[in-house]
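What follows is a single structure, written as structure tokens, with notes after it.
Being a predicted model, the structure only gives us computed values, none of them experimental.
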Amino acid sequence: MIEKYVAINSYLKSIKCVEVEKETAASVWINGRRGSKRSSYENYFDTWQEAHDFLRESAEKNLSRAHIILEQARSKLELVKKLKPLTS
């Protein structure tokens, strides 16, 4: 058995240690079932630190995107505040 660390990329981020029966470059086998090493939900790594780094980088990217969306919303609000009533 091979020990791997799976970074679970759900709402509640977590890292679990799992026993893998075998692995290839793209897949792992657990309890006779093949799974992808990389997916949107689970990502398998050789060390806890690699799994942690992956989750941290993912969270940093999400935060960066949120900052961009916030700034865009602020800009739109400022544009709306500057609107004047139409006169006929």
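- Using a 4.5 Å cut-off between side-chain heavy atoms of Ile, Leu, Val, Met, Phe, Trp and Tyr, W29 forms no hydrophobic cluster with any other residue.
- Residues meeting the side-chain hydrogen bond (donor to acceptor under 3.5 Å, both in side chains) test with E50, sequence neighbours left out: T47.
- A salt bridge (Lys or Arg N to Asp or Glu O under 4.0 Å) check over residues 55-65, counting only residues at least two apart or in different chains, returns the pairs D53-R56, R56-E60.
- For R34, the salt bridge (charged side-chain N to carboxylate O under 4.0 Å, His left out) test picks out no residue, with sequence neighbours left out.
- With rounding to the nearest 0.5 angstrom, the CG atom of N9 is 4.0 Å from the OG atom of S58.
- For L55 against S14, the heavy-atom pair with the smallest separation is CD1-O, 3.6 Å.
- In terms of the side-chain hydrogen bond (donor to acceptor under 3.5 Å, both in side chains) criterion, R38 has no residue partners (sequence neighbours excluded).
- For N31, the CG atom counts as loosely surrounded, since its 6.0 Å shell holds 12 or fewer non-hydrogen atoms of other residues, nucleotides or ligands.
- Hydrophobic cluster membership for V28: I2, V6, I8, V18, V20, I30, Y41, Y44 (Ile, Leu, Val, Met, Phe, Trp, Tyr linked by side-chain heavy atoms under 4.5 Å, directly or transitively).
- When the side-chain hydrogen bond (donor to acceptor under 3.5 Å, both in side chains) test is applied to K16, no partner is found at least two apart in sequence or on another chain.
- Cluster partners of L70 are absent, since no Ile, Leu, Val, Met, Phe, Trp or Tyr has side-chain heavy atoms less than 4.5 Å from it.
- Sorted by first and then second residue, the ring pair (Phe, Tyr, Trp, His ring centres under 6.0 Å) pairs with a member in residues 52-71 read F45-F54, W48-H52; sequence neighbours excluded.
- Applying the side-chain hydrogen bond (donor to acceptor under 3.5 Å, both in side chains) definition to pairs two or more places apart or across chains, those involving residues 70-83 are E71-R74.
- For the atom pair CD (E42) and OG (S10), the distance works out to 9.5 Å, reported to the nearest 0.5 Å.
- Side chain of S36 to backbone of S39: no donor-acceptor contact under 3.5 angstrom is found.
- For the pair E3 (side chain) and C17 (backbone), a donor-acceptor distance under 3.5 Å is absent.
- Taking K37 as the reference, E23 meet the side-chain hydrogen bond (donor to acceptor under 3.5 Å, both in side chains) condition, with sequence neighbours excluded.
- Listed by chain and number, the hydrophobic cluster partners of L12 are Y11, where partners are ILVMFWY side chains within reach of under 4.5 Å, directly or through others.
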